[in-house]
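Positions are given from 1 along the sequence.
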Amino acid sequence: MTSQDRNEEPRFDGARVLLKPFRFRAVPEDTAERNARLEPMIRAAWHSADRGGRTLYETAAQLRAAADAVDAGRDLRMPGIDISSAALREIADLVLEWNAGRAQRLLDVTPTSSELAYRFPQLLGMLVGYYGQDGTAVEEYPDDPRRSLQVVIDDWHPRCLWYVPCVAAQCQEALTLFQTEEALRRFFLREHLGDSAGLPWLEWLPLIIDVFGEHMRAHHPPRWTA
C-alpha cells in the first residue's frame with residue numbers, strides 16, 4: 001500500500017459501508033440479485049443522509065472514484081471485497097437513482113439487523129466496548145450498573161457534549177423502535193453482542209439516559225453562540 005493510497009483511504013468509507021453485503025462473498029453476476037442484496041445498505045445510507053450524514057450523491061461519487069482506482073491498479077483497502085470497476089459504476093448509478101420513488105421503496109419494508117445497526121453507532125460502540133466481553137466498565141463495577149456508567153463518563157469527560165447526548169438519544173430511539181424486552185435483547189445482545197450490565201433492557205436504557213442526563217446537567221450547562 002503506497003502512501004497515496006493510505007492518505008486517500010478515507011475517501012472510500014461510504015463505498016465500504018455500501019459494499020458490506022459482499023464482504024467475503026462473491027458479487028452476484030445477476031444485476032437484480034446484486035441490487036437486492038444492496039437494497040438494505042442503500043436504505044441505511046439514505047437514512048443516515050436524512051439525519052445530516054453523507055448524501056447518496058457523495059456515496060455514488062465515492063463508488064465512481066473507487067472504480068477509477070481499480071482501473072489504475074490501486075489498493076482500496078476493502079478486505080474481502082473483490083469487485084470490478086464496471087460493477088462499481090453500475091452500483092453508483094443505482095445509488096444515484098434510488099431517491100426517485102423512494103416513498104414507494106420504503107413501503108412494507110422489513111429492515112435487516114445490519115441496516116438498523118447504523119442507527120445506533122455510538123450506543124452499540126459503548127455497549128460492546130464497555131459492557132461486552134472483557135468490557136472495562138462492567139469489569140470494574142460488575143454489580144453496580146449506575147457506577148459502571150461513571151467509567152464511561154470519566155473516559156469521555158470533558159468532551160461529553162460530543163458523545164453523551166447522542167448516546168442518550170439513541171437509547172430513546174431504541175426504546176421507541178424495539179419496544180419490548182425480548183426485541184431489545186435479541187437486537188443488542190444476541191445479534192450485536194452488546195450487554196446490559198445485568199439489568200433488563202427496559203431498565204438499562206432508561207438508566208443510561210438518566211445518568212448521562214444528570215452528568216450533563218451537573219457539568220455541562222447549555223452554551224452556544226448565535
Side-chain angles (χ1 to χ4, degrees), residues 1-125 127-129 132 170 177 186-194:
M1 185 179 186
T2 68
S3 59
Q4 180 184 3
D5 292 337
R6 188 175 296 106
N7 290 336
E8 292 189 350
E9 187 175 343
R11 289 180 60 198
F12 306 116
D13 284 348
R16 287 187 193 90
V17 169
L18 200 72
L19 296 172
K20 186 178 179 181
F22 304 140
R23 196 159 183 254
F24 302 113
R25 301 175 184 174
V27 178
E29 294 183 7
D30 180 72
T31 301
E33 182 184 352
R34 185 182 67 202
N35 292 353
R37 289 198 196 177
L38 286 166
E39 183 74 13
M41 298 316 299
I42 297 176
R43 289 196 302 264
W46 165 78
H47 192 260
S48 175
D50 204 46
R51 296 177 169 205
R54 182 188 299 111
T55 68
L56 292 182
Y57 297 101
E58 291 169 317
T59 298
Q62 287 192 13
L63 289 161
R64 293 188 185 281
D68 292 342
V70 168
D71 285 340
R74 294 197 358 240
D75 183 357
L76 299 183
R77 298 293 292 166
M78 294 187 183
I81 297 175
D82 183 13
I83 189 167
S84 69
S85 60
L88 286 166
R89 291 189 178 97
E90 289 174 5
I91 294 168
D93 290 340
L94 173 68
V95 171
L96 283 174
E97 297 165 0
W98 193 88
N99 262 320
R102 73 166 181 261
Q104 186 64 36
R105 292 177 188 271
L106 295 172
L107 286 178
D108 301 321
V109 162
T110 301
T112 67
S113 181
S114 294
E115 172 186 352
L116 290 178
Y118 282 93
R119 298 189 180 205
F120 308 101
Q122 292 86 1
L123 176 58
L124 276 171
L127 293 176
V128 174
Q170 287 168 27
L177 182 63
R186 172 186 165 186
F187 181 80
F188 285 105
L189 177 62
R190 295 207 296 268
E191 296 178 3
H192 296 284
L193 307 180

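Across I83, L76, V27, a single residue satisfies side chain to side chain contact (heavy atoms under 4.5 Å, CB included) together with L19, and that is I83.
The two residues V17 and P21 have their closest heavy-atom pair at O-CD, 4.5 Å. In terms of heavy atoms, A87 sits closest to S84 at N-OG, 3.1 Å. Closest approach of A49 to T55, counting heavy atoms only: CB-CA, 3.8 Å. Considering all non-hydrogen atoms of both residues, E115 and P111 come closest at OE1-CA, 3.4 Å. Residues T59 and R54 approach most closely at OG1-CD, 3.4 Å, considering heavy atoms. For the residue pair L124 and F188, the shortest heavy atom distance occurs at CD2-CD2, 3.6 Å.
With values rounded to the nearest 0.5 angstrom, L38 atom CG is found 11.0 Å from E33 atom CD. Within the model, atoms CZ of R102 and CD of E97 stand 15.5 Å from one another, a figure rounded to the nearest 0.5 Å. A distance of 5.0 Å separates CD1 of I91 from CZ of F22, quoted to the nearest 0.5 Å. The distance from the CD atom of E39 to the CG atom of L94 is 7.5 Å, given to the nearest 0.5 Å. K20 NZ to M41 CE: the interatomic distance, rounded to the nearest 0.5 Å, is 6.0 Å. From L18, atom CG reaches atom CG of L63 across 5.5 Å, with rounding to the nearest 0.5 Å.
Remark: the backbone N or O of G14 is paired with a side-chain donor or acceptor of Q62 at under 3.5 angstrom.
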Step by step, work out the side-chain contact (heavy atoms from CB on, under 4.5 Å) result for R77 and R16. CA-CA 9 Å; R77 298 293 292 166; R16 287 187 193 90; 3.8 Å; yes
Does the side-chain contact (heavy atoms from CB on, under 4.5 Å) test come out yes or no for R105 and W98, once each step is laid out? CA-CA 9 Å; R105 292 177 188 271; W98 193 88; 3.5 Å; yes
Can you check side-chain contact (heavy atoms from CB on, under 4.5 Å) on W46 and L106, steps first, answer last? CA-CA 11 Å; W46 165 78; L106 295 172; 3.6 Å; yes
side-chain contact (heavy atoms from CB on, under 4.5 Å) evaluation trace for L56 with L96: CA-CA 7 Å; L56 292 182; L96 283 174; over 6 Å; no
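Applying the salt bridge (Lys or Arg N to Asp or Glu O under 4.0 Å) test to pairs two or more places apart or on separate chains, those with a residue in residues 79-95 are R34-E90, R64-D93, D68-R89, D71-R89.
Counting heavy-atom neighbours within 6.0 Å of R37 CZ, excluding the residue itself, gives a total above 12.
A heavy-atom distance below 4.5 Å is found between the side chains of P40 and R43.
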